[in-house]
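Note that ligands are numbered from 1 as they come in the structure, with each ligand's atoms numbered from 1 the same way.
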Amino acid sequence: TKAEGRNGFRFFDVSMQRLAQSRWQLEEGLHQAIHRGELELWFQPQVTKEGVMSGAEVLLRWRHPTRGLISPLEFISVAEESGQIAAIEEWVLDETMRLIKHWDSMGLPETFRHVSINISPSHFMQSGFVSQVEGALERHTVANVNIELEITENLLIENFEQAIKTMKALQAKGIAFSIDDFGTGYSSLRYLSQLPLNVLKIDRSFVAPIDHESDETPIIDVIMLMAKKLGLEVIAEGVETQAQRTLLTERGCRLYQGYFFSKPLHHEEFYTLLKQERVL
Ligand code: C2E
Ligand code: CA
Ligand code: CA
Ligand code: CA
């Protein structure tokens, strides 16, 4: 039973029971969230060395009727484990492209070139994934804004053959790919060189220490070198200070994302910022 662990400890205590209960409530609530219109798209600017917003990352939020805004850190894993992630991300894909098309009809700065969307490994590996993305592209075509999918290196390495197939099929439709949280997984030059990739996203755990340590940045240096060899763009995540931005620029990084420039914004607020064409 769950009441006693292998060593006889009563680990299923009251607090764990509460945890299981709240998790179950999240799982149930998620089933309704799409239909009730509780999911929201937020956008975080991606900024060039010159301070121009060249793109944005889409970040999901759940506006829960009683709990308020819930972070994806809390519900994405629940969605993955309960098999709901594909339905949720299908909504994200469709809604993102619908929004871009709408913005395009109202006017978009020419410098705004791409939007990146996070894709969970289990969703990416599903057989219907390619046609799902194609469907969304056909419904809402926008000529000037590219869609980039963010995936993780472990997914690519663990399912190498299928991942290549999926990526090539989508690349043919104009989709670009970036590796999220780069540097935290197991990939090697040899693997990466075979994949149709466009961007490496330096994980924020390598950017965060920049302020309080010396100006040695061995991991960032290696990532910059790998990207150069592979002909890929690099974007640094979690840039919070001018010092981090300066040092990253010195290391050859030309694209940044982080609170220093802007926090993620609700899509309406984001579009207002985008229209201002303000240098960030
Ligand atoms: P991520 O893909 O690594 O996204 C970046 C996260 O870092 C976001 O958290 C963003 O708000 C946060 N961030 C951005 N700049 C800074 C900064 O300067 N400092 C700090 N401390 N944090 C910063 P958020 O929005 O809470 O999202 C958390 C994670 O949830 C994302 O991490 C991503 O893995 C996941 N996620 C969000 N939306 C989706 C989705 O549609 N599908 C999937 N599979 N995952 C998603
Ligand atoms: Ca991401
Ligand atoms: Ca990331
Ligand atoms: Ca992540």
**OP:** Please find out if the Ca ion (ligand 2) and some N, O or S atom of Ser116 are separated by less than 3.0 Å.
**Re:** no

Original post:
Given OE1 of Glu150 on one side and OE2 of Glu57 on the other, what angle do they make at the Ca ion (ligand 2), to 10°?
Top reply: 90°

**OP:** Can you sort out the partners of Lys49 under side-chain contact (heavy atoms from CB on, under 4.5 Å), two or more places apart, ordered by chain and number?
**Re:** Thr249, Arg254, Tyr256

**OP:** Return yes or no for this condition: an N or O of Leu60 is under 3.5 Å from an N or O of ligand 1.
**Re:** yes

**OP:** Could you tell me whether Asp181 approaches ligand 1 through its side chain, its backbone, both or neither, with non-hydrogen atoms closer than 4.0 Å?
**Re:** side chain

**OP:** Look at ligand 1 and say whether Glu80 reaches it with a heavy atom at a distance under 4.0 Å.
**Re:** no

**OP:** Report, as yes or no, whether the 6.0 Å neighbourhood of atom CD on Glu110 holds more than 12 heavy atoms from other residues, nucleotides or ligands.
**Re:** no

Subject >> Contacting atoms of ligand 1, where contact means under 4.0 angstrom from a heavy atom of Gln44 >> reply: 14 (C), 15 (N)

**OP:** Quick one: look at Arg61 and ligand 1, take heavy-atom pairs under 4.0 Å, and tell me if it's side chain, backbone, both or neither.
**Re:** side chain

Subject >> NZ/NE/NH1/NH2 to OD/OE distance under 4.0 Å, Glu57 and Lys201 >> reply: yes

Subject >> Under-4.0 Å heavy-atom contact with ligand 1, by part of Ser120 that carries it >> reply: both

Subject >> Arg23 and Glu81 ion-paired at < 4.0 Å >> reply: yes

Subject >> salt_bridge(Glu40, Arg63) N-O dist < 4.0 Å >> reply: yes

Original post:
Judged by modelled atom types alone, do His123 and Gln132 share a side-chain donor-acceptor pair under 3.5 Å?
Top reply: yes

Subject >> Glu237 touching ligand 1 at heavy-atom level, < 4.0 angstrom >> reply: yes

Original post:
Which of the atoms in ligand 1, numbered in the order shown and given with their element, are less than 4.0 Å from a heavy-atom of Glu240?
Top reply: 17 (C), 18 (O), 19 (N), 20 (C), 21 (N)

**OP:** Name the option, out of Arg204, Gln244, Gln257, that contains the heavy atom nearest to atom 6 (C) of ligand 1.
**Re:** Arg204

**OP:** Using a cut-off of strictly less than 3.0 Å, determine whether Asp180 has an N/O/S atom near the Ca ion (ligand 3).
**Re:** yes

Original post:
Side chains of Thr241 and Asp211: do they bring a donor and an acceptor to under 3.5 Å?
Top reply: yes

Original post:
Leu73 heavy atoms, cut-off 4.0 Å: which ligand 1 atoms fall inside?
Top reply: 28 (C), 29 (C)

Original post:
the Ca ion (ligand 3) as vertex, arms to OD1 of Asp181 and OE2 of Glu237: angle to 10°?
Top reply: 150°

Original post:
Which atoms of ligand 1 are found less than 4.0 Å from any heavy atom of Ser71?
Top reply: 26 (O)

Subject >> Lys263 near ligand 1 by a heavy-atom separation under 4.0 Å >> reply: no

Subject >> Option set Phe260, Phe75, Tyr259, criterion heavy-atom distance to atom 18 (O) of ligand 1, minimum >> reply: Tyr259

**OP:** Considering the heavy atoms of Pro264, write down every atom of ligand 1 situated less than 4.0 Å from one of them.
**Re:** 11 (O)

**OP:** Measure across Pro264 and Trp42 and return the closest heavy-atom pair with its distance rounded to 0.1 Å.
**Re:** O-CE3, 3.5 Å

Original post:
Between the side chains of Gln257 and Gln44, does any donor sit under 3.5 Å from an acceptor?
Top reply: yes

**OP:** Show the numbers, then the answer: is there a salt bridge (Lys or Arg N to Asp or Glu O under 4.0 Å) between Arg67 and Glu74?
**Re:** CA-CA 12 Å; Arg67 291 190 41 196; Glu74 198 174 335; 2.7 Å; yes

**OP:** Look at the rings of Phe129 and Phe124 and say which category their plane angle falls in: under 30° parallel, 30 to 60° tilted, over 60° perpendicular.
**Re:** tilted

Subject >> Within reach of ligand 1, part of Glu57 (heavy-atom separation under 4.0 Å) >> reply: side chain

**OP:** Kindly indicate, with the supporting measurements, whether the criterion side-chain contact (heavy atoms from CB on, under 4.5 Å) is fulfilled by Ile220 and Phe206.
**Re:** CA-CA 7 Å; Ile220 290 173; Phe206 306 121; 4.2 Å; yes

Original post:
For ligand 1, which atoms have a heavy atom of Pro72 less than 4.0 angstrom away?
Top reply: 24 (P), 25 (O), 26 (O), 27 (O), 28 (C), 30 (O), 36 (N), 37 (C)

Got a list of side-chain donor-acceptor pairs under 3.5 Å for residues 159-173, not counting sequence neighbours?
from: Asn159; atom 1: ND2; to: Leu155; atom 2: O; distance (Å): 3.0
from: Gln162; atom 1: NE2; to: Met125; atom 2: O; distance (Å): 3.1
from: Thr166; atom 1: OG1; to: Gln162; atom 2: O; distance (Å): 3.1

**OP:** Please work out which of Leu41, Asn118, Ile85, Leu59 has its closest non-hydrogen atom nearest to atom 4 (O) of ligand 1.
**Re:** Leu59

Original post:
Quick one: does Glu150 get an N or O within less than 3.5 Å of an N or O on ligand 1?
Top reply: no

Original post:
For ligand 1, is any non-hydrogen atom under 4.0 Å from Ile117's backbone (N, CA, C, O), its side chain (CB onward), both, or neither?
Top reply: neither

Subject >> Lys263 atom NZ, over 12 foreign heavy atoms within 6.0 Å >> reply: no

